[in-house]
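Written below as structure tokens is the structure these notes are about.
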Amino acid sequence: MAIRLHDSLTRSLQELRRPDPTDPRDVFTFYNCGPTVYGPAHIGNFRTFVVNDVLRRLLELEYGPGKVKHVRNLTDVDDRTIGQAKKDQRSLAEITRKWTDLFHADCAALNCLPPHVEPTATGHIREQVDMIEVLMEKGNAYRAPDGSVYFKIASFPEYGALSRIKERELKVTNSAFDADHKDDIGDFALWKAYKPEEDGDVQWPGPRTAAAGRPGWHIECSAMIKRHLGETIDLHTGGVDLLFPHHENEIAQSQCCNGTIFARHWYHSEHLLVDGTTMSKSKGNYYTLGDLVQKDFDPLVVRLALLQGHPRKQQNFTLDSLHSADKALTTIHSYWQSLPLKADRATAFDAVFSALHDDLNFPAALGAFFTVINRGPSGVAKSDCEKVLFALGLGREPAKRPDRRIPDAITAFAEKRWAAKLAKDFATADALRKEIAAAGWSMLDRKDGYSLEPLKKA
RNA sequence: GGCGCGGUAGCCAAGUGGUAAGGCCGAGGUCUGCAAAACCUCUAUGCGUCGGUUCAAUUCCGACCCGCGCCUCCA
């Protein structure tokens, strides 16, 4: 069953290329623009990474193990990382290490598979400089008076094909234009000359004839892709906001440098919104995974919530959607656990996969999944269900909520209530239940005993 | 202004030229002293508004209203 995905360049549904199964060197090459590690990623960022994670899982299921190469970068040098290092009075490396570690922990909590390669911008300075030099030699780039290097978009007639931007509407003021020493407002930096007052000790030797400094943002992806995946890749993905200018610029750089098609397929996922608007640090209206875990939500619940909207549609994130996902996940897992090992209906979940393969239609896939669930476990094999759970990345038991020590007073109340209940003194038992609840705990009775759980926060 | 997306039950959300998947909430029920959990049943004659095409439109076309995103920080 072929995987079809919306392609941003042609704005149509296109089948993804299937690598030759008999040629071990022929793998599907997949690049996903990663985070800038200067602070905690918010769940809007994670929507994109979760969507890409499901995509990667589907590709591996479809093409077989070892037939997909997934690369996702870490942007560890740019205005924001440098700015954060300066603000915290730490080295750039310390700052990016710190936030990279958190990012990895969050990804693991969300059950995202690590990409096969996770290159960093600072680890590929040489590759970036090499590309810039080629672009300068070919006349696609020029040195500005301050020693920076800019890409000349006039040298690339196809510029704007992805974003359909032909004439740039000049919302930008002329002062910004002048300050950047560009020939044209649309030109963008490949290399930024070192500025002692801003850049601290962050600098590298530049391309020939250029000043020392650091790479511009866009060139890192072009260079890392070339290095790890080759000059032409099968799929390039990211959030919609990267479509312009980032991806447009990547195309310009790579195609001018390499003289070949850069990416066969472009895919962009839409934004997660909060209160009907994009979440951003400047608005302060964002949640991190940590925020939600503190509210007692399992990261896997967050993952399910992120899968409840179509990835190419904006999705409004609410705490309510988390409660909904929490219940739904419980149902999914209890169904999964109830399944027999063997079964006679191997095709039970076909509708789930066809929805997934049809442009990652998560809502339809989840709908199909629950339709199977509602039919009951009869005839459905655990292993088939596990394949679905693997694709969705929901296949592990929810992490135990952080065990909170049960206060002795609560234990005492519980013991008393249990005794009262056994003695059929229900009035006392009910009163004690209320006491326990008022203290923030919930007493769950079983046949032969009870357990205590903290009441969920709202 | 340019480019793009969306408006489907209380909330979220898929979808089709022939009269609406699924999840959450809610209601009722079974089961347990109660509570929780689990399981069963029920919940849109209607899909932003107004026109048009059609035997038939939520689905196609047009206009309009409303919301959101991007237009060089941004998943």
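Every chain is numbered from 1, with letters handed out A, B, ... down the list of sequences.
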> If the C1' atom of B:G67 is compared with that of B:U54, how far apart are they to the nearest Å?
Replying inline: 32 Å

> Once you round it to whole Å, what is the distance between P of B:A36 and NZ of A:Lys421?
Replying inline: 13 Å

> To the nearest angstrom, how far is A:His333 atom NE2 from B:G23 atom P?
Replying inline: 17 Å

>> Nearest heavy atom decides the nucleotide; on that basis, is A:Thr277 or A:Arg80 closer to the 5' end of RNA chain B?
In response: A:Thr277

>> Could you identify the nucleotide paired to B:U49, looking across every strand shown and requiring Watson-Crick or G-U wobble geometry with both distances under 3.5 Å?
In response: B:A63

>> Considering every strand and a 4.0 Å limit on heavy-atom distances, what is the contact class for A:Thr371: base, sugar-phosphate, or nothing?
In response: sugar-phosphate

>> I need the A:Ile95 CD1 to A:Arg80 CZ distance, nearest 0.5 Å.
In response: 14.0 Å

> When all nucleic acid strands are considered with a 4.0 Å heavy-atom cut-off, which category describes A:Gly367: base, sugar-phosphate, or nothing?
Replying inline: base

>> With a 3.5 Å limit on both atom pairs, tell me what B:G1 is paired to, counting Watson-Crick and G-U wobble, or say none.
In response: B:C71

>> Just to be sure I understand the rule, does A:Asn32 reach a base, reach only the sugar-phosphate, or reach nothing, if contact means heavy atoms closer than 4.0 Å?
In response: nothing

>> OP1 or OP2 of B:G15 versus the side-chain N and O atoms of A:Asn361: is any pair under 4.0 Å?
In response: yes

> Between atom CZ in A:Phe188 and atom P in B:C73, what is the gap in whole Å?
Replying inline: 14 Å

> Just wondering, more than 12 heavy atoms not from A:Lys416 lying within 6.0 Å of its NZ?
Replying inline: no

> Under 3.5 Å, is there a donor-acceptor pair linking the side chains of A:Thr278 and A:His271?
Replying inline: no

> Do A:Asp430 and A:Lys434 sit within salt-bridge range, that is, some charged N less than 4.0 Å from a carboxylate O?
Replying inline: no

> Can you tell me how far CD of A:Glu248 sits from CG of A:Leu9, rounded to the nearest 0.5 angstrom?
Replying inline: 8.5 Å

>> Please name the nucleotide paired to B:C39 by Watson-Crick or G-U wobble geometry with both distances under 3.5 Å, or report none.
In response: B:G29

>> Closest approach to the side chain of A:Lys313, judged atom by atom: which nucleotide of B:A75, B:G6, B:G23 is it?
In response: B:G6

> Can a donor-acceptor pair be found between the side chains of A:Thr371 and A:Asn374 at a distance below 3.5 Å?
Replying inline: no

>> Nearest to the side chain of A:Phe244, heavy atoms from C-beta on, is which of B:U72, B:C68, B:G33?
In response: B:U72

>> Regarding A:Asp445, tell me which of base, sugar-phosphate or nothing describes its non-hydrogen contacts under 4.0 Å with the strands shown.
In response: base

>> Heavy-atom nearest nucleotide on RNA chain B for A:Lys327 versus A:Leu444: which residue maps closer to 5'?
In response: A:Lys327

> Among B:C24, B:G6, B:A75, which is the nearest nucleotide to the side chain of A:Thr331?
Replying inline: B:C24

> Base, sugar-phosphate, or nothing: which does A:Arg417 touch, judged by heavy atoms less than 4.0 Å apart?
Replying inline: base

>> Taking A:Ala429's backbone N and O only, do any of them form a donor-acceptor pair with A:Lys421's side chain (distance below 3.5 Å, no angle check)?
In response: no

>> With rounding to the closest Å, how many angstrom separate the P atoms on B:G51 and B:C71?
In response: 39 Å

> So which nucleotide does B:C34 pair with, by the Watson-Crick or G-U wobble rule with both distances under 3.5 Å?
Replying inline: none

>> Over all strands shown, is A:Gln314 touching base, sugar-phosphate only, or nothing at heavy-atom distances under 4.0 angstrom?
In response: base

> Does A:Ser163 make a side-chain N or O approach to OP1 or OP2 of B:C3 shorter than 4.0 Å?
Replying inline: no

> If the P atom of B:G6 is compared with that of B:A75, how far apart are they to the nearest Å?
Replying inline: 24 Å

>> Please report the distance, rounded to the nearest Å, between NE2 in A:His268 and P in B:G4.
In response: 15 Å

>> Looking only at the side chain of A:His271 (C-beta and beyond, no hydrogens), which of the listed nucleotides B:C39, B:A14, B:A75 gets closest?
In response: B:A75

> Can you tell me how far C1' of B:A14 sits from CG of A:Leu360, to the nearest Å?
Replying inline: 15 Å

> A:Gly276 near the nucleic acid: base, sugar-phosphate alone, or nothing, with a heavy-atom cut-off under 4.0 Å?
Replying inline: sugar-phosphate

>> Within the 4.0 Å heavy-atom criterion, would you say A:Arg433 contacts the bases, only the backbone, or no part of the nucleic acid?
In response: base

>> Between A:His116 and A:His70, is there a side-chain donor-acceptor contact under 3.5 Å, judged purely by atom types and distance?
In response: no

> What do you reckon, do A:Phe370 and the base of B:G22 stack, with centroid distance below 5.5 Å and planes below 30°?
Replying inline: no

>> Just the rounded figure in Å: distance from C1' of B:C73 to NE2 of A:His42.
In response: 12 Å

> Is A:Leu272 touching bases, backbone alone, or none of the nucleic acid, heavy atoms closer than 4.0 Å?
Replying inline: base

>> Under a 3.5 Å cut-off for both contacts, is B:A9 paired Watson-Crick or G-U wobble with anything, and if yes, with which nucleotide?
In response: none

> Expressed as a whole number of Å, how far does the C1' atom of B:A56 sit from that of B:U72?
Replying inline: 50 Å

>> Within the 4.0 Å heavy-atom criterion, would you say A:Arg11 contacts the bases, only the backbone, or no part of the nucleic acid?
In response: sugar-phosphate

> Using atom P of each nucleotide, how far apart are B:G46 and B:U58 to the nearest Å?
Replying inline: 10 Å

>> Just the rounded figure in Å: distance from P of B:G4 to CG of A:Leu9.
In response: 14 Å

> Can you check the A:Ile373 CD1 to B:A38 C1' distance for me, whole Å?
Replying inline: 14 Å

> With respect to the side chain of A:Thr330, which nucleotide from B:A14, B:A75, B:A38 is positioned closest?
Replying inline: B:A38

> Taking the side chain of A:Arg164 as heavy atoms from C-beta outward, which of B:G7, B:C3, B:A75 is closest to it?
Replying inline: B:C3

> Just to confirm, is there a sub-4.0 Å distance from OP1 or OP2 of B:C40 to any side-chain nitrogen or oxygen of A:Asn374?
Replying inline: no

> Using purine N1 to pyrimidine N3 plus N6-O4 or O6-N4 for Watson-Crick, or N1-O2 and O6-N3 for G-U wobble, both under 3.5 Å, which nucleotide pairs with B:A21?
Replying inline: none

>> Over all strands shown, is A:Asp430 touching base, sugar-phosphate only, or nothing at heavy-atom distances under 4.0 angstrom?
In response: base

>> Taking the C1' atom in each of B:A27 and B:A20, what is the distance between them to the nearest angstrom?
In response: 22 Å

> Say you pick atom C1' in B:A14 and the same atom in B:C47; how far apart are they, in whole Å?
Replying inline: 12 Å

>> Quick check for you: among B:A75, B:A14, B:C11, whose closest atom lies nearest to any side-chain atom of A:Met279?
In response: B:A75

>> Taking the minimum atom-to-atom distance to the side chain of A:Pro245, which one of B:C24, B:U72, B:G69 wins?
In response: B:U72

>> Can you check the distance between B:U49 and B:G7, where both ends of the measurement are the C1' atom (answer in whole Å)?
In response: 11 Å

> A:Thr318 near the nucleic acid: base, sugar-phosphate alone, or nothing, with a heavy-atom cut-off under 4.0 Å?
Replying inline: nothing

>> Using a heavy-atom cut-off of 4.0 Å across all strands, would you classify A:Ser269 as base, sugar-phosphate, or nothing?
In response: nothing

> Does A:Arg72 pair with A:Glu118 as a salt bridge, N-O distance under 4.0 Å?
Replying inline: yes

> Do A:Gln253 and A:Asn249 have side-chain atoms, one donor and one acceptor, less than 3.5 Å apart?
Replying inline: no

